[in-house]
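All remarks here apply to the structure that follows.
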Amino acid sequence: MAAAHQVSAVIFDLDGTILDTERATRDVLDEFLAAYGKVPDPEKEEKRLGQMYLESTTGIIRDYGLPLTVEEYSKAMHPLYLKRWQKAKPLPGVKRLVKHLFKNRVPLAIASNSVRRNIDHKVPKLEDWGECFSVILGGDQVPNGKPSPDIFLEAAKRLGVNPSSCLVIEDSVVGVKGAKASEAKVVAVPSLQSQRKHYNIADIILYSLLDFDPELWGLPPFEDRIQGVLPIDPLISTGQIGDRILNNLHRLISDEHTYDCIPDQISGIYLGWAKLKVHGFSKVVIGTGWDFSQQTVERVMVVEFLDYSGQIETEPVKLLVIGYVRKLQSTVITVS
C-alpha cells in the first residue's frame with residue numbers, strides 16, 4: 001500500500017484526544033453554576049472546547065455574570081476538576097497507537113492548551129506508556145495557544161523535525177486550525193459529533209483512533225488483529241431490547257446508563273456478549289453510531305444475537321463489548 005504522506009513524528013493533543021477528560025468533567029460546570037442560580041449554555045460551551053484556560057475562564061465569568069475574578073474562579077474550580085481528572089480514562093485506540101509508534105521509534109509529543117501544571121496531574125493516568133512522549137508542552141509554555149500554530153512549531157522544534165513532516169492528532173476545531181497553520185498533516189477525532197462539519201480542514205476525520213491507519217502516513221502497519229478482530233479494553237452498556245429489525249437483529253432502547261461507559265467516539269461494528277434477563281447469555285455483534293438525520297444528533301445501537309434464534313421480547317440486557325471489527329459503511333447501522 002503506497003503512503004499518501006510520509007511523516008516523521010506524531011503530536012497528540014491531550015484532553016479529548018488521549019484522555020476522556022471532557023466526559024469525566026462534564027458536570028463540573030453545571031454543579032458550580034447551580035450555586036449561582038445559573039445553567040450552562042450548551043452552544044457557548046461547545047465553542048469553548050479546546051480554548052486556552054484564561055480565554056475559557058474569562059468567557060465563563062463574562063457569559064454567566066459571575067461575581068468572581070479569574071483568580072477566585074480558578075481557586076474554586078481547580079480542586080473540583082482535579083478530583084474528576086482522576087476518573088478520566090484513555091480513549092479507544094490511543095494506547096495501542098502510542099505504544100505501536102514508540103515501538104517503531106517514531107518521535108512523539110503532547111501539545112495541549114491546558115496549562116502545564118494541569119497536564120502534570122493528568123499524564124500519570126497514562127501509566128507506563130506516558131513515558132513514550134519525549135516532549136510534553138502546555139499552552140502556557142508558548143507565546144500563543146491554539147488556534148495559533150506556536151505550540152506545534154515548538155513541539156516539532158523540540159522533537160528535532162520539520163513541522164511539515166509532523167502528523168497532529170486533535171479533537172477540537174481550534175486544535176485542527178492551529179495544526180494546519182503549522183503546515184502539519186492533521187487527523188481529527190472530534191469530541192463533539194454534532195460539530196463534525198466544522199472539521200473539514202483536517203486531512204482525515206475519524207470517529208476514533210481504532211480506525212487509524214498508520215500506512216496512510218508512511219508508518220509501520222498494525223499487526224494485532226485476531227481473525228480480523230481487534231481486542232479492546234472491555235466496555236459495558238445496558239438497555240432494553242427493542243423491535244426486531246431483521247432475523248436476530250434488534251434495536252437497543254437506551255436508558256440513562258446505556259452510554260455511561262461508552263465514549264462519544266465509539267462508532268462501528270463490535271463483538272461482545274449479552275446477558276438477557278430472561279434468555280440468558282449470547283454472543284453478539286453490536287452496531288453503534290450517530291443518527292445525523294434529525295435536528296438533534298442522537299446515538300443509536302443495534303444488537304444481533306448469534307446464539308439465539310427464537311423470539312426475543314422487550315427485556316433488559318447487559319452488554320460487554322470486547323472487540324472491534326470495522327467502521328460503519330454508511331450512516332445507516334448494519335451488521336451484514
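None of the values given here were measured: they were computed from a predicted structure.
- Between D63 and K38 no salt bridge is recorded (no basic side-chain N to carboxylate O distance below 4.0 Å).
- Side-chain contact between Q240 and E315 is absent, with no heavy-atom pair separated by less than 4.5 Å.
- Under the 4.5 Å side-chain heavy-atom criterion for ILVMFWY residues, a single connected hydrophobic cluster contains both F32 and Y81.
- R84 has a carboxylate O that lies under 4.0 Å from a charged side-chain N of E31, or vice versa, which qualifies the two as a salt bridge.
- A 4.5 Å side-chain heavy-atom check between L306 and N248 finds every atom pair outside the cut-off.
- Shown here is K177, whose NZ atom has no more than 12 heavy atoms of other residues, nucleotides or ligands within 6.0 Å.
- Here side chain to side chain donor-acceptor pair (under 3.5 Å) pairs that include residues 145-155, with residues two or more places apart or in two chains, are D13-K146, N144-D150, K146-E170, S148-D150, E154-R158.
- Remark: D20 engages R23 in a salt bridge, criterion side-chain N to carboxylate O under 4.0 Å.
- Atom CD1 of I204 and atom CG of D213 lie 8.0 Å apart (nearest 0.5 Å).
- Ion pairing between K75 and E72 fails under the 4.0 Å rule for side-chain N and carboxylate O.
- The two atoms that bring I226 and P231 nearest to each other are CD1-CG, 3.8 Å, heavy atoms only.
- The distance from atom CH2 of W85 to atom OG1 of T21, rounded to the nearest 0.5 Å, is 8.5 Å.
- Between the side chain of D307 and the backbone N or O of K283 there is at least one donor-acceptor pair closer than 3.5 Å.
- For K47, the NZ atom counts as loosely surrounded, since its 6.0 Å shell holds 12 or fewer non-hydrogen atoms of other residues, nucleotides or ligands.
- Taken from CD in Q265 to CG in L206, the straight-line distance is 11.0 Å, to the nearest 0.5 Å.
- Under the 3.5 Å distance criterion, with hydrogens and angles disregarded, a donor-acceptor pair is assigned to the side chains of K122 and S114.
- In this pair, Y270 and Y324 present their aromatic rings tilted. The plane angle is within the 30 to 60° band.
- Of the possible polar contacts, none joining the Y64 side chain to the Y36 backbone as a donor-acceptor pair under 3.5 Å is found.
- Side-chain contact between V161 and C166 is present, with heavy atoms from C-beta onward closer than 4.5 Å.
- Of the N and O atoms on the side chains of N162 and S165, not one donor lies less than 3.5 Å from an acceptor on the other residue.
- Shortest non-hydrogen contact noted between A274 and V317 is CB-CG2, 3.9 Å.
- At least one donor-acceptor pair under 3.5 Å links the side chain of T258 to the backbone N or O of D255.
- Hydrophobic clustering (side-chain heavy atoms under 4.5 Å, transitive across Ile, Leu, Val, Met, Phe, Trp, Tyr) groups V70 together with L82.
- Counting all heavy atoms, side chain and backbone alike, D120 lies closest to P124 at O-CD, 3.2 Å.
- A donor-acceptor pair under 3.5 Å is formed between the side chain of S182 and the backbone N or O of A179.
- Taking all atoms of both residues into account, the shortest heavy-atom contact from G289 to S267 is CA-OG, 3.8 Å.
- If you take CD on Q141 and OG on S112, they are separated by 10.0 Å, rounding to the nearest 0.5 Å.
- Residues L219 and W129 share a single hydrophobic cluster, defined by chaining ILVMFWY side chains whose heavy atoms lie under 4.5 Å apart.
- Results of the side-chain contact (heavy atoms from CB on, under 4.5 Å) test with H250 over R244, E304, M301 single out R244 as the only residue that passes.
- Within the 4.5 Å cutoff, side-chain heavy atoms of V115 are placed close to those of N118.
- For the ring pair (Phe, Tyr, Trp, His ring centres under 6.0 Å) test, no residue two or more places apart in sequence or in another chain qualifies with H257.
- With I11 as the partner, the side-chain contact (heavy atoms from CB on, under 4.5 Å) test is satisfied by one option alone out of L159, L137, L108: L159.
- Inter-residue side-chain proximity for L91 and S208 is flagged as unmet; no heavy-atom pair is nearer than 4.5 Å.
- Using bins of under 30°, 30° to 60° and over 60° for the plane-to-plane angle, the ring pair F292/Y207 lands in the tilted bin.
- D233 and K95 are not joined by a salt bridge, as no carboxylate oxygen comes within less than 4.0 angstrom of a charged side-chain nitrogen.
- Here the shortest heavy-atom pairing between I60 and L66 reads CG2-CD1, 4.1 Å.
- Within the 4.5 Å cutoff, the side chain of L230 has heavy atoms near those of the L210 side chain.
- For Q193, the CD atom sits in a packed shell: over 12 heavy atoms of surrounding residues, nucleotides or ligands are nearer than 6.0 Å.
- Hydrophobic side-chain contacts under 4.5 Å tie W273 into a cluster, directly or through other members, with I236, L320, I322.
- Not a single donor-acceptor pair under 3.5 Å links the side chain of R251 to the backbone N or O of V303.
- Pairs of residues two or more places apart, or lying in two chains, never qualify as ring pair (Phe, Tyr, Trp, His ring centres under 6.0 Å) while including a residue from residues 161-200.
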Test E22 against D15 for side chain to side chain contact (heavy atoms under 4.5 Å, CB included), laying out the working first. CA-CA 7 Å; E22 270 111 11; D15 298 296; 4.1 Å; yes

Distance-only donor-acceptor hits, side chain of residues 98-107, under 3.5 Å, sequence neighbours excluded:
from: H100; atom 1: NE2; to: P220; atom 2: O; distance (Å): 2.7
from: N104; atom 1: ND2; to: H100; atom 2: O; distance (Å): 2.8

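- From N247, atom CG reaches atom CD1 of I245 across 11.0 Å, with rounding to the nearest 0.5 Å.
- At distances below 3.5 Å, not a single donor-acceptor pair connects side-chain atoms of T25 with backbone N or O atoms of V28.
- Between R299 and D291 there is no salt bridge, since no side-chain nitrogen of the basic residue lies less than 4.0 Å from a carboxylate oxygen of the acidic one.
- Contact annotation: the side chain of H78 never approaches that of K83 to less than 4.5 Å [non-hydrogen atoms, C-beta and beyond].
- Using a 4.5 Å cut-off on side-chain heavy atoms (C-beta onward), L271 and V285 make contact.
- Smallest separation of non-hydrogen atoms from A155 and V135: CA-CG1, 4.4 Å.
- A distance of 6.0 Å separates CD1 in I18 from CG in L126, rounded to the nearest 0.5 Å.
- The side-chain contact (heavy atoms from CB on, under 4.5 Å) test with F12 is passed by exactly one of I169, L167, V187: I169.
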Go through I136 and F133 one step at a time and tell me if the side chain to side chain contact (heavy atoms under 4.5 Å, CB included) criterion holds. CA-CA 7 Å; I136 298 178; F133 298 96; 4.2 Å; yes

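- A distance-only check finds no donor-acceptor pair linking the side chain of D171 to the backbone of A188 [under 3.5 Å].
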Side chain to side chain contact (heavy atoms under 4.5 Å, CB included) evaluation trace for F222 with R96: CA-CA 9 Å; F222 288 121; R96 170 203 188 207; 3.2 Å; yes

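- For residues 141-188, the set of pairs meeting the ring pair (Phe, Tyr, Trp, His ring centres under 6.0 Å) definition, not counting sequence neighbours, is empty.
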Would you please test I269 and I286 for side chain to side chain contact (heavy atoms under 4.5 Å, CB included) and show each step? CA-CA 6 Å; I269 305 299; I286 301 163; over 6 Å; no

